[in-house]
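No experiment lies behind these values; they were computed from the predicted model shown. Numbered from 1 within each chain, the chains take letters A, B, ... in sequence-line order.
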Amino acid sequence: MQFRLLASDTQTNARLGEIVTDHGTIPTPIFMPVGTVGSVKGVSHRELEYDIDAKIILGNTYHLYLRPGLEVIKQAGGLHKFSSWDRPILTDSGGYQVFSLAENRKLTSEGAHFRSHIDGSKHFFSPENVMDIQRTIGADIIMAFDECPPGDASFEYAKKSLDLTERWLIRCIDRFNSTEPLYGHSQAMFPIVQGCVYPELRKRAAETVAALNCEGNAIGGLSVGEPAEVMYEMIEVVNAILPASKPRYLMGVGTPENILEAIARGVDMFDCVMPTRNGRNGMLFTSEGIINIRNKKWENDFSPIDPNGTTFADRRYSKAYLRHLFVSSEMLGPQLASIHNLGFYLWLVAEARLQIANGTFEEWKNKMTKRVATRL
RNA sequence: GGGGAGAUACCAAAGUGGCCAACUGGGGCAGACUGUAAAUCUGCUGGCGCACGCCUUCGUAGGUUCGAAUCCUGCUCUCCCCA
């Protein structure tokens, strides 16, 4: 993997770049649709490629390890072949599941003991086997195994958690460096900066990560309950330390507004379940604002879902029709909403790139952050 | 013509003297969702104030009772069975 920094905004810390992988080049800033189990829920690969033009998608180590399991993925020749996706893939390490499945796991310095959410069976994740699993899945970019503490964690807990994450990180790197990719394409491993909402911890974590000189770096443990302003402050603290020559990935973020604010602070990569999950639940993100398509006000609105939208769904179908699909519990509704939202997110970052290249990013961003957060 | 059953809020359907402004489901209306245990979850759904409360509801008109959706009488309507 290679990162090229093509331009830096003069008024903000926004950057324009590209990540070159063996499965293709990813322009940055970029949004990466989440396909946890090897599927972006409700959206076909054809739509991801031709309508949404996703440059890279995510998979999840924890979910794929449990099902279909490593044997099937290995036999298939890796996740790219198994899922018939020839563009880049990034896998999350399962660190987030340490957080979101907290009732079903026990942490030790060795790793995390889990119970499967599927059948209750017992499993163990360590920094080493998570690296091995991600070798087997075969994503272009893989993530270090970390602990993601909740947004309201105390300083004591946050510090202890960061200690653990940093010890795990060293082991991740050792294992990653002593193993080889399995399918003939190269893999990069990104470490993750933790530290909750405590600037001194974030600073220390960023310094640790920066010194490791990995191919890219991630910021985790944000948008887990803390106010957005605090998140922005943490991004500033961390990005002042992370090397400018490496891509910066803000994990799990976020709303269109969050993404624009983070781009302005020097973040290059994003992923979030919002466009798909909220889309399935009837929430549309558009360049004019946020729509709850189930609301009665759209009942007779026969205008396109999003006249400025980039996908076939946006101009072909009306709001009234999409509302009807949701109200009728037709599966096409959540599918179209997901396609629209992902199309919008990809449009948003593409437009941000354009504005950075034109030197007009800040003005555009200030206008857009207000608009995209408006409730229509 | 004879016999039987029933009328409860938008719909369906509980409730058969006080714990009933009325279970529950549907429908409707709104909200939540940020490295996906989510095509999921939550709230509201007689009126007014919208906390406490007050007012008007259980086909309809009367009656019994301290008190009625619940008991009695008349009326209206609906459904089922037999001719």
Suppose you measure atom [atom1] in [N] against the same atom in [M]; what distance do you get, rounded to whole Å?
N      : M      : atom1 : result
A5(B)  : A9(B)  : C1'   : 23 Å
C55(B) : A7(B)  : C1'   : 26 Å
C58(B) : C11(B) : C1'   : 16 Å
G46(B) : C80(B) : P     : 32 Å
G6(B)  : U16(B) : C1'   : 14 Å
C41(B) : G26(B) : P     : 11 Å
G25(B) : G43(B) : P     : 11 Å
U57(B) : G47(B) : C1'   : 10 Å

| field | Test ring-ring contact (aromatic ring centres under 6.0 Å, His included) applied to Tyr65(A) and Tyr62(A), step by step | value | CA-CA 5 Å; Tyr65(A) 155 83; Tyr62(A) 167 81; 7.7 Å; no
Base-pairing assignment for [N] (Watson-Crick or G-U wobble, both under 3.5 Å):
N      : result
A12(B) : U24(B)
G6(B)  : C77(B)
A68(B) : none
G43(B) : C29(B)
A83(B) : none
A51(B) : none

Side-chain N or O of [X] less than 4.0 angstrom from OP1 or OP2 on [N]?
X         : N      : value
Lys296(A) : C29(B) : yes
Thr36(A)  : U36(B) : yes
Arg294(A) : G27(B) : no
Ser329(A) : A39(B) : no
Arg323(A) : C29(B) : yes
Arg277(A) : U34(B) : yes
Gln97(A)  : G35(B) : no
Asn60(A)  : G35(B) : no
Asn104(A) : A37(B) : no
Asn281(A) : G31(B) : no

Write down the distance between [atom1] ([X]) and [atom2] ([N]), rounded to a whole number of angstrom.
X         : N      : atom1 : atom2 : value
Tyr65(A)  : U36(B) : OH    : P     : 18 Å
His117(A) : A37(B) : NE2   : P     : 7 Å
Asn341(A) : A39(B) : CG    : P     : 15 Å
Met32(A)  : U34(B) : CE    : P     : 17 Å
Leu284(A) : A32(B) : CG    : P     : 14 Å
Arg375(A) : G31(B) : CZ    : P     : 7 Å

| query | Going by heavy atoms closer than 4.0 Å, what residues in residues 242-275 of chain A are next to RNA chain B? | reply | Met251(A), Gly252(A), Val253(A), Gly254(A), Thr255(A), Asn258(A), Asp271(A), Cys272(A), Val273(A), Met274(A)
| request: Could you point out which residue of Leu90(A), Ile57(A), Ile141(A), Val349(A) forms a side-chain contact (heavy atoms from CB on, under 4.5 Å) with Met32(A)? | output: Leu90(A)
| query | Are Asp314(A) and Arg316(A) ion-paired here, with the side-chain N under 4.0 Å from a carboxylate O? | reply | no
| request: Before accepting this row, confirm whether a basic side-chain N of the pair Lys296(A)/Glu299(A) lies closer than 4.0 Å to the acidic partner's carboxylate O. | output: yes
| remark: Assign each of Glu330(A) and Gly35(A) the nucleotide of RNA chain B bearing its closest heavy atom; nearer the 5' end lies the nucleotide of Gly35(A)
| remark: Heavy-atom nearest nucleotide on RNA chain B taken for Tyr62(A) and for Gly282(A); more 5' hit belongs to Gly282(A)
Looking at [options], which one has an atom nearest to any side-chain atom of [X]?
X         : options                : answer
Met283(A) : C33(B), C29(B), G35(B) : C33(B)
Asn295(A) : C29(B), A37(B), A30(B) : A30(B)
Asn278(A) : C33(B), A37(B), G35(B) : C33(B)

Main chain of [Y], side chain of [X]: is a donor-acceptor contact present, judged purely on distance under 3.5 Å?
X        : Y         : answer
Asp9(A)  : Ile356(A) : no
Ser93(A) : Ala144(A) : yes
Thr25(A) : Thr21(A)  : no
Thr28(A) : Gly17(A)  : yes

| said: Regarding G31(B), can its base be found pairing with the side chain of Asn292(A) as donor and acceptor, where the two atoms are less than 3.5 Å apart? | reply: no
| said: Ignoring hydrogens and geometry beyond distance, is the side chain of Thr276(A) in donor-acceptor contact with the base of U36(B) at under 3.5 Å? | reply: yes
| field | Ile56(A) side, atom CD1; Ile26(A) side, atom CD1 - distance, nearest 0.5 Å | value | 4.0 Å
| note | Separation between CD1 (Ile192(A)) and CE (Met251(A)), nearest 0.5 Å, reads 4.0 Å
| field | For Cys196(A) against Arg202(A), the heavy-atom pair lying closest together | value | O-NE, 2.6 Å
| message | Does Val327(A) reach a base, just sugar-phosphate, or nothing at all? Heavy atoms under 4.0 Å. | response | sugar-phosphate
Which atom pairs link the protein and nucleotides 9-11 of chain B when you take only N or O atoms and keep those under 3.5 Å?
none

| field | Under the salt bridge (Lys or Arg N to Asp or Glu O under 4.0 Å) test, residues paired with Arg204(A) that sit two or more places apart | value | Asp163(A), Glu166(A)
| request: Could you point out which residue of Glu233(A), Glu236(A), Glu362(A) forms a salt bridge (charged side-chain N to carboxylate O under 4.0 Å, His left out) with Arg265(A)? | output: Glu236(A)
